[in-house]
S.K.: 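Have a look at the structure that comes next, please.
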Amino acid sequence: MKKISLLALILSAAIAVNAQAVNFGVKGGVNVATWDHSQNENLNSRIGYHAGLFANIPVSSQIAVQPEAIYSSQGVKYTEGGIGHNLALNYVNIPVMVQAMVGRGFYAQAGPQLGIFTSVSDEVNNTETGFFNKSDFKTTDVALGVGLGYKGISGFGIDARYNLGLTNINNGGSANIKNNVLQVGLQLQLGGSGRRF
């Protein structure tokens, strides 16, 4: 615990030193979401979306920290009684990614993510079934994000990330359910023209 606290303190100090170089931006794209479900393997991916804001904070010429606030539509598709359901779980996700430049605008990234559960919808042919309500799922979700991206000098870029769920989101049931989400999207970093971090 002391090591984690020390690391957090050092990281905070490094960010504070470079605070004048913070660049803000917007991002959005497509989600391919599914569940790691301990009692049901017959689940299909659900296509959703994500959109939000980020702050890119250079720590050095090669390393940056990027906290984000992202609305993310996740969930899964499943079949019940031969009828296909579209189950949407919506979150406000707060990832904090550490990005490392690997050359010519490309970067690798990894970091933790806290998800705040906002709403649920279960639909058959665009009609709400009412099978699930918000109390069926835990209010928070923790994930680990890893990915790659490209950021051009103009500020436009592409970001690809896989968020691996670490916590059971099932509230009260016996099944262990974790969110897994592949995100691919576009981003625009405002300001800082001519530099990637």
Side-chain angles (χ1 to χ4, degrees), residues 1 3-4 7-8 11 27-56 64-80 84-100 107-124 128-149 158-187:
M1 188 67 181
K3 289 182 180 179
I4 294 173
L7 180 61
L11 184 58
K27 63 182 299 186
V30 176
N31 288 348
V32 181
T34 189
W35 281 351
D36 179 359
H37 195 300
S38 64
Q39 298 178 5
N40 189 346
E41 296 181 356
N42 298 315
L43 302 172
N44 294 313
S45 299
R46 177 182 182 273
I47 304 300
Y49 66 93
H50 65 276
L53 307 171
F54 66 84
N56 189 268
V65 176
Q66 184 164 297
E68 303 175 356
I70 306 293
Y71 182 83
S72 183
S73 181
Q74 302 171 188
V76 72
K77 287 188 175 181
Y78 70 98
T79 301
E80 182 73 30
H85 290 246
N86 185 357
L87 176 60
L89 301 181
N90 302 310
Y91 290 84
V92 173
N93 288 330
I94 305 171
V96 179
M97 306 300 290
V98 176
Q99 299 177 335
Y107 59 86
Q109 60 181 335
Q113 173 179 278
L114 173 66
I116 301 169
F117 182 47
T118 60
S119 63
V120 59
S121 172
D122 183 82
E123 295 184 348
V124 174
E128 177 62 43
T129 66
F131 280 8
F132 294 94
N133 58 60
K134 196 172 176 183
S135 64
D136 292 324
F137 302 95
K138 293 181 180 174
T139 57
T140 58
D141 180 31
V142 177
L144 174 65
V146 294
L148 299 171
I158 300 172
D159 190 85
R161 187 180 305 170
Y162 188 78
N163 294 318
L164 177 67
L166 301 178
T167 56
N168 181 11
I169 63 169
N170 190 8
N171 191 31
S174 60
N176 191 324
I177 303 172
K178 297 177 181 177
N179 283 312
N180 291 327
V181 185
L182 173 66
Q183 296 181 323
V184 179
L186 300 176
Q187 62 183 7

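Worth knowing before you read on, the calculation uses all heavy atoms, side chains too, and leaves out hydrogens, waters and symmetry mates.
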S.K.: Looking at K27 and Q187, what are the two nearest heavy atoms and their distance?
M.R.: CB-CB, 3.8 Å
S.K.: Can you tell me if S73 uses its side chain to pair, donor with acceptor, with the backbone of G48 under 3.5 Å?
M.R.: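 Between the backbone of G48 and the side chain of S73 there is no qualifying donor-acceptor contact (under 3.5 Å).
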S.K.: Evaluate side-chain contact (heavy atoms from CB on, under 4.5 Å) for V120 paired with N90, printing each intermediate quantity in order.
M.R.: CA-CA 6 Å; V120 59; N90 302 310; over 6 Å; no
S.K.: Find out whether R161 and H50 are in side-chain contact, i.e. whether some heavy atom of one side chain is under 4.5 Å from a heavy atom of the other.
M.R.: no
S.K.: If I compare all heavy atoms of H37 with all of L43, which pair ends up nearest, and what's the gap?
M.R.: CB-CD1, 3.7 Å
S.K.: Indicate yes or no: at least one non-hydrogen side-chain atom of D159 is less than 4.5 angstrom from one of F54.
M.R.: no
S.K.: Quick check for you: to the nearest 0.5 Å, what is the distance between L182 atom CG and I47 atom CD1?
M.R.: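 CD1 of I47 is found 9.0 Å from CG of L182.
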S.K.: By the salt bridge (charged side-chain N to carboxylate O under 4.0 Å, His left out) test, which pairs, at least two apart or in different chains, include something from residues 162-171?
M.R.: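 Qualifying pairs: none.
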S.K.: Does any non-hydrogen side-chain atom of E68 lie less than 4.5 Å from one of N93?
M.R.: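 They are not in side-chain contact.
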S.K.: Just wondering, more than 12 heavy atoms not from E123 lying within 6.0 Å of its CD?
M.R.: yes
S.K.: Regarding Q183 and N163, is there a side-chain donor-to-acceptor distance under 3.5 Å anywhere?
M.R.: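 Looking only at side-chain atoms, N163 and Q183 do form a donor-acceptor pair, the distance falling under 3.5 Å.
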S.K.: State, yes or no, whether a side-chain contact exists between L89 and I169 at a heavy-atom distance under 4.5 Å.
M.R.: yes
S.K.: Going by salt bridge (charged side-chain N to carboxylate O under 4.0 Å, His left out), name the pairs with one or both residues in residues 29-39, residues two or more places apart or in two chains.
M.R.: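 Output for this query is empty, none listed.
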S.K.: Under the criterion side-chain contact (heavy atoms from CB on, under 4.5 Å), I'd like the reasoning laid out for N179 against W35: C-alpha separation, chi angles, the key distance, then a yes or no.
M.R.: CA-CA 5 Å; N179 283 312; W35 281 351; 3.3 Å; yes
S.K.: Closer than 3.5 angstrom, by distance alone: can the side chain of N31 be matched with the main-chain N or O of Y49 as a donor-acceptor pair?
M.R.: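 Confirmed, N31 side chain pairs with Y49 backbone.
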S.K.: If you look at every heavy atom in I177 and N168, which pair is closest and at what distance?
M.R.: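 Smallest interatomic distance, heavy atoms only, reads N-OD1, 2.9 Å.
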S.K.: Please confirm whether the backbone N or O of D122 pairs with a side-chain atom of T129, one donor and one acceptor, at under 3.5 Å?
M.R.: yes
S.K.: Taking atom NZ of K178 and atom OG1 of T34, what is their separation to the nearest 0.5 Å?
M.R.: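 Reported to 0.5 Å precision, the distance equals 14.0 Å.
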S.K.: Looking at every non-hydrogen atom in both residues, tell me the closest pair between A160 and Q109 and how far apart they are.
M.R.: O-NE2, 3.5 Å
S.K.: Can you tell me how far apart OH (Y162) and CG (L144) are? Round to the nearest 0.5 Å.
M.R.: 11.0 Å
S.K.: Does the K134 side chain pair with the main chain of T118, one donor and one acceptor, at a distance under 3.5 Å?
M.R.: yes
S.K.: Quick check: are there more than 12 heavy atoms from other residues, nucleotides or ligands sitting under 6.0 Å from CD1 of I94?
M.R.: yes
S.K.: What pairs with N42 under side-chain hydrogen bond (donor to acceptor under 3.5 Å, both in side chains), at least two apart in sequence or on another chain?
M.R.: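 Testing N42 for side-chain hydrogen bond (donor to acceptor under 3.5 Å, both in side chains), a comparison that skips the adjacent residues, returns none.
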S.K.: Is a side-chain N or O of N180 found less than 3.5 angstrom from the main chain of L164, in a donor-acceptor match?
M.R.: no
S.K.: Taking all heavy atoms of A110 and all of V146, pick out the closest pair and write down the distance.
M.R.: CB-CG1, 4.0 Å
S.K.: Tell me if the NZ atom of K77 is crowded by more than 12 foreign heavy atoms within 6.0 Å.
M.R.: no
S.K.: Atom OH in Y107, atom CD in Q66: separation rounded to 0.5 Å?
M.R.: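 One gets 6.0 Å once the value is rounded to the nearest 0.5 Å.
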S.K.: With a 4.5 Å limit on heavy-atom distance, are the side chains of F117 and D141 in contact?
M.R.: no
S.K.: Please round to the nearest 0.5 Å and tell me the distance separating atom OH of Y71 and atom CD1 of I116.
M.R.: 13.0 Å
S.K.: Can you give me the closest heavy-atom contact between S121 and E128, atom names plus distance?
M.R.: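 For S121 and E128, the tightest heavy-atom pair comes out as OG-OE1, 2.8 Å.
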